[in-house]
Chemist: 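Sharing a structure below in structure tokens format, with a few things to ask.
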Amino acid sequence: MSAMDRHEQAYTYCAYCPKLCRFACPVSEATHTEAHSTWGKMTAAHLVAEGKRDLDESTAKALHACTGCGRCKSFCKHENLVGPALFAAREETVKSGNQPKGAASTLATFTQAQNPFGPELAALVASWRSETPVRYPLFPGCSSLVKAPQVIEDTIAVSRAFGAPMGVSRVSSRCCGYPLYAAGSHDAFRDHARANAEALDSVPELAVLDPGCAHTLKVVYPMFGVHLKTRIRTVVEVLEENLSHAPAKPPLAQTVGYHDACKLGRGLGQYDQPRKLLARAVSGVQEAASIRSEGGCSGGGGLLPRTMPEVAVEVARRQAVEVAPQPDVAVVTACPTSKRMFERSGKTSYDLMTLLRRWVES
Ligand code: SF4
Ligand code: SF4
């Protein structure tokens, strides 16, 4: 059974759909290309699954033109799971040798380093050893460990100010495996998830900083038959629970725009928690016209920044304009990848943890 077989119904629903979610996809909105619409990509997958279309280079590219944001599902009567179905179809591009270069190089790096960036994570994690007891073992995610260590510092500082001290857990040296999942290397992903489940066996609870990792551990692993004993919660969730212990300080006199990160919002249903935290930290929060389950995407998921880098930045630019069109208003998000995407598009962006730290230390 191939990975695609499990998604046959999803492909068929879309292929016979009168494109009811045509406006929803951030990728086709950015490229203005019908082949990149939800319908176009899923129809291509349907035809490949039926043996009616060759998996040539342009079809392989179309199958990678998805961030897995889940926005189309919010407008779909079938609640069709398009992202997972397209990621499964990517397995065929690996087999046919037509995988886009950016996805192939990500897989090669992962095979060598067990993470998508390359540096050995264990050494980075060791540098975060806590000197004082912690209540919550923190799993930052490799994106923060490698690209944004400052956000880890901010998170630890905020957690202490909230009376919920966090410290980087040694199990953080293991990537959740999302890049394998998004690249369609699903057998390798399942093996990786099983190995992680074994390594996490004695860890009762984790506070996960990157919502992409939290979603992978909590939602994607069970889709592959891997169920962790560890209680997975987001840092945002834990901090919101401890908000009553936060210092009684007035909010910073600042207005920001809030972006619902796809995996935190649509993925884990956490829309209110980050807003409650933000409302304490700053005096003004503005929102896009489409928010929560219909909110836009920053272009950072599904390996899009690696397979279609310019399109990914354009997706981020469009979302930044939706959230905060004024040049002097920054976009705040609780996702390290989204923050990086907004910055790449030229927009000032803060991680929610950075803003909270500024507030608790004001
Ligand atoms: S996701 Fe739903 S609404 Fe969109 S094309 Fe597929 S079946 Fe139609
Ligand atoms: S999951 Fe997001 S990027 Fe993928 S087809 Fe749906 S709307 Fe487009």
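This one's a predicted model, so the numbers in the text were calculated from it and none came from an experiment. As the structure lists them, so they are numbered: ligands from 1, and atoms in each ligand from 1. Residue numbers run from 1 in the order of the sequence given.
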Chemist: Which of the atoms in ligand 2, numbered in the order shown and given with their element, are less than 4.0 Å from a heavy-atom of K41?
Modeler: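 Result: 5 (S), 8 (Fe).
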
Chemist: Which of the numbered atoms in ligand 2 are under 4.0 angstrom from any heavy atom belonging to V82?
Modeler: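 Here the atoms of ligand 2 in question are 5 (S).
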
Chemist: With the side chain counted from C-beta on, respond yes when M4 and E91 share a heavy-atom pair under 4.5 Å apart, and no when they do not.
Modeler: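 Answer no - side chains too far apart.
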
Chemist: Does this structure show an ion pair linking E240 with R275, if we count only N-O contacts that are shorter than 4.0 Å?
Modeler: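 Here E240 does not pair with R275 in a salt bridge, since their nearest N and O are not under 4.0 Å apart.
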
Chemist: Of the protein's non-hydrogen atoms, which lies at the shortest distance from atom 4 (Fe) of ligand 1, and what is that distance?
Modeler: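 Nearest neighbour among protein heavy atoms for atom 4 (Fe) of ligand 1, to 0.1 Å: C21 SG, 2.3 Å.
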
Chemist: Which protein heavy atom lies closest to atom 1 (S) of ligand 2, and at what distance to 0.1 Å?
Modeler: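 Nearest neighbour among protein heavy atoms for atom 1 (S) of ligand 2, to 0.1 Å: G70 N, 3.2 Å.
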
Chemist: Got a sec: is C76 within less than 2.8 Å of atom 2 (Fe) of ligand 1 via an N/O/S atom?
Modeler: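 Here the distance criterion (N, O or S atom, under 2.8 Å) is met by C76, so yes.
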
Chemist: Would you mind listing which atoms of ligand 2 come within a distance below 4.0 Å of any non-hydrogen atom of T67?
Modeler: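 Reading through ligand 2 atom by atom, the close ones are 3 (S).
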
Chemist: How far is atom 6 (Fe) of ligand 1 from the closest protein heavy atom, and which atom is that?
Modeler: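 Among all protein heavy atoms, the one nearest atom 6 (Fe) of ligand 1 is C14 SG, 2.3 Å.
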
Chemist: In terms of ring plane angle, is the pair F189 and Y221 parallel, tilted or perpendicular, where the classes change at 30° and 60°?
Modeler: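 The rings of F189 and Y221 stand perpendicular, inter-plane angle above 60°.
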
Chemist: Would R358 and Y350 count as a cation-pi pair here, with the cationic atom under 6.0 angstrom from the ring centre and within 45° of the axis?
Modeler: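 Yes, a cation-pi geometry holds between R358 and Y350.
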
Chemist: In terms of the angle between their ring planes, are H186 and F224 parallel, tilted or perpendicular, with boundaries placed at 30° and 60°?
Modeler: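 Aromatic pair H186/F224 classed perpendicular.
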
Chemist: Which protein heavy atom lies closest to atom 2 (Fe) of ligand 2, and at what distance to 0.1 Å?
Modeler: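 Among all protein heavy atoms, the one nearest atom 2 (Fe) of ligand 2 is C69 SG, 2.3 Å.
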
Chemist: Of all heavy-atom pairs between A334 and D351, which one has the smallest distance, and what is that distance?
Modeler: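 Answer, listing the atom of A334 first, then D351: C-OD2, 4.4 Å.
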
Chemist: Looking at atom 8 (Fe) of ligand 2, what's its closest protein heavy atom, distance included?
Modeler: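 Residue, atom and distance for the closest contact: C25 SG, 2.4 Å.
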
Chemist: Between Y11 and H7, what is the ring plane arrangement, given parallel below 30°, perpendicular above 60°, and tilted in between?
Modeler: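 Answer is tilted, since the angle falls between 30° and 60°.
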
